[in-house]
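Just so it is clear: chains get the letters A, B, ... in the order the sequence lines come, proteins before strands, and each one is counted from 1.
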2 protein chains.
Amino acid sequence: MVKKLSILNKLRSSNLRPTKQRVEIAKFLFEREKTFHFTIESLAKSMAKKTSKEFALATIYNTVEAFKKAGHLSEVHLKGKNNRTYFDTNISNHHHFYDNETSELIDISENQIKFEKIPNAPNGKKIANVEVIINLKD
Amino acid sequence: MVKKLSILNKLRSSNLRPTKQRVEIAKFLFEREKTFHFTIESLAKSMAKKTSKEFALATIYNTVEAFKKAGHLSEVHLKGKNNRTYFDTNISNHHHFYDNETSELIDISENQIKFEKIPNAPNGKKIANVEVIINLKD
DNA sequence: GATTTAATTTAGAATTATTATAAACTAGAA
DNA sequence: TTCTAGTTTATAATAATTCTAAATTAAATC
Ligand SMILES: [Mn+2]
Ligand SMILES: [Mn+2]
Ligand SMILES: [Zn+2]
Ligand SMILES: [Zn+2]
């Protein structure tokens, strides 16, 4: 009940009508203890299993895009072995371990990395953010 | 003459037959003062202009992949606005500024960034390399 | 230099991720 | 309830990349 309400608030406050599909997806993404990473494909499968009916792929794409625009999701700008886009329910600034073998992403919190030296942005530009990807091997 | 030879050596030593197409591409990529970044599309256009005939796209893909496997090129694991893969003739460990507006990549040499603190790899894994992408804004 | 063979190139088809379209449906205002 | 704009859906379109099978070519062998 409490959880359901906070999801409705999250959607309403983002100007997203709480449709059945959005509520189901939001519950799956946000009603959990820990944040996680997913792809459109994995989310589509999860929703199909959870609700035992297929959501249109376009709905998955649209909803994820809408949540991203509303700031409820972030996109990991990384290009893995498989050419899929990763999304993240962790919307804070943070970094990642990436295991190219397993295509697994692991969070590194912002305070786990400190720079001793970092270059200035080129003339006329500013630094928007810094993303560190630590590629793993066996 | 000297340049042509080093290209032939580069190909032969990588077990790549120096075909007309590979030599043309290698000359374009490696016979220059500074390293640079490119996409398959930009390379295909460059080769078409340079030689005034179209290379099959599959040849461009195959050749870039072969050069990558042979260690003559690296791939930048970044996912830009446009969903294109970037390749880099700079094969040393280094970092990048990325301007999402212009889709431009700028090199940051390894020694321009120093870490004061960095996490250990998860159990059973090692760090293969660390990639820093500094996203730019206006 | 001609012959032979395996590697390579090529045009085009196939695949995959993503986006667009337009008709059917629905949340929420009136 | 009625109305309407927003949403979902199936499907088509697009775009990057990979596959295929036939034609070509590098280079080893005669
Ligand atoms: Mn790749
Ligand atoms: Mn995106
Ligand atoms: Zn994350
Ligand atoms: Zn570079």
Side-chain angles (χ1 to χ4, degrees), chain A residues 4-5 7-26 28 37-45 47-48 50-70 73 75-87 103, chain B residues 4-5 7-26 28 37-45 47-48 50-70 73 75-87 103:
Chain A
K4 188 79 172 294
L5 258 189
I7 289 258
L8 293 186
N9 287 339
K10 186 174 281 204
L11 293 178
R12 287 240 164 70
S13 65
S14 309
N15 272 339
L16 298 173
R17 280 191 189 176
T19 61
K20 192 159 46 171
Q21 291 82 347
R22 281 176 182 161
V23 170
E24 285 295 338
I25 293 174
F28 178 77
H37 305 103
F38 64 94
T39 65
I40 294 291
E41 191 190 25
S42 75
L43 179 57
K45 281 182 184 156
M47 296 316 298
K50 183 177 190 252
T51 67
S52 39
K53 60 169 161 172
E54 307 273 327
F55 287 36
L57 251 191
T59 300
I60 308 274
Y61 275 99
N62 289 340
T63 303
V64 167
E65 194 61 27
F67 287 170
K68 200 181 72 171
K69 277 208 185 89
L73 287 177
E75 187 176 338
V76 183
H77 287 103
L78 162 146
K79 190 171 172 307
K81 183 174 47 182
N82 54 4
N83 198 18
R84 299 214 183 88
T85 302
Y86 288 88
F87 294 92
S103 299
Chain B
K4 187 79 172 296
L5 258 187
I7 290 257
L8 293 187
N9 288 338
K10 185 175 281 201
L11 293 178
R12 287 241 166 69
S13 66
S14 309
N15 271 339
L16 298 172
R17 280 191 188 176
T19 61
K20 193 157 50 169
Q21 291 82 349
R22 283 176 180 161
V23 170
E24 284 296 337
I25 293 175
F28 178 77
H37 306 103
F38 64 93
T39 65
I40 294 291
E41 191 191 24
S42 75
L43 179 57
K45 281 182 184 155
M47 296 317 297
K50 181 175 191 258
T51 66
S52 39
K53 58 170 161 172
E54 308 273 328
F55 286 37
L57 252 191
T59 300
I60 307 275
Y61 275 99
N62 288 341
T63 302
V64 166
E65 195 60 29
F67 287 172
K68 201 181 71 171
K69 278 208 186 89
L73 286 177
E75 187 175 338
V76 183
H77 285 104
L78 162 147
K79 192 170 169 305
K81 183 175 47 184
N82 55 2
N83 198 18
R84 297 213 185 89
T85 301
Y86 288 88
F87 295 92
S103 298

Quickly work out the [X] [atom1] to [N] [atom2] distance and round it to whole Å.
X: B:I40; N: D:dA15; atom1: CD1; atom2: P; result: 17 Å
X: A:E24; N: C:dA27; atom1: CD; atom2: P; result: 13 Å
X: B:N62; N: C:dA7; atom1: CG; atom2: P; result: 14 Å
X: B:E54; N: C:dG12; atom1: CD; atom2: C1'; result: 15 Å
X: A:K69; N: D:dT7; atom1: NZ; atom2: P; result: 12 Å

Q.
Are the side chains of B:L57 and B:I40 in contact, using a 4.5 Å heavy-atom criterion?
A.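 B:I40 vs B:L57: side chains touch.
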Q: Indicate yes or no: at least one non-hydrogen side-chain atom of A:L8 is less than 4.5 angstrom from one of A:V23.
A: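 Yes, side chains in contact.
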What residues, two or more places apart in sequence or in another chain, satisfy side-chain contact (heavy atoms from CB on, under 4.5 Å) together with [X]?
X: B:E24; value: B:K27, B:M47, B:K50, B:T51, B:F55
X: B:A70; value: B:S14, B:H72
X: B:A66; value: B:L16
X: A:T19; value: A:R17, A:Q21, A:R22

Q | Results of salt bridge (charged side-chain N to carboxylate O under 4.0 Å, His left out) for B:K20 - residues two or more places apart only | A |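 If we apply the salt bridge (charged side-chain N to carboxylate O under 4.0 Å, His left out) test to B:K20, skipping adjacent residues, there are no hits.
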Q: For B:N15 and for A:L57, locate the closest nucleotide of DNA chain C by heavy-atom distance; then report the residue assigned to the nucleotide nearer the 5' terminus.
A: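 First, find each residue's nearest nucleotide; the 5'-ward one identifies B:N15.
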Q) B:E54: what forms a side-chain hydrogen bond (donor to acceptor under 3.5 Å, both in side chains) with it, not counting sequence neighbours? A)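 Partners of B:E54 under the side-chain hydrogen bond (donor to acceptor under 3.5 Å, both in side chains) test: none.
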Q.
Less than 4.0 angstrom between a side-chain N/O of B:Y61 and OP1 or OP2 of D:dT17, yes or no?
A.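 For B:Y61, the contact criterion (side-chain N or O under 4.0 Å from OP1 or OP2 of D:dT17) is met.
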Q) Taking only N and O in the side chain of B:T85, is any of them less than 4.0 Å away from OP1 or OP2 of D:dT17? A)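 Indeed, a polar side-chain atom of B:T85 lies that close.
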Tabulate atom names and distances for all N/O pairs under 3.5 angstrom spanning the protein and nucleotides 26-30 of chain D.
| unit_1 | atom_1 | unit_2 | atom_2 | d |
| --- | --- | --- | --- | --- |
| D:dA26 | N3 | B:R17 | NH1 | 3.3 |

Q: With sequence neighbours left out, write down each residue that passes ring-ring contact (aromatic ring centres under 6.0 Å, His included) with A:F38, or none if nothing qualifies.
A: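 Listed in chain order: A:F36, A:F87.
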Q. Dot-bracket for DNA chain D: what is it, with Watson-Crick or G-U pairs under 3.5 Å, [ ] where a pair crosses earlier ones, and | for a pair to another strand?
A. ||||||||||||||||||||||||||||||
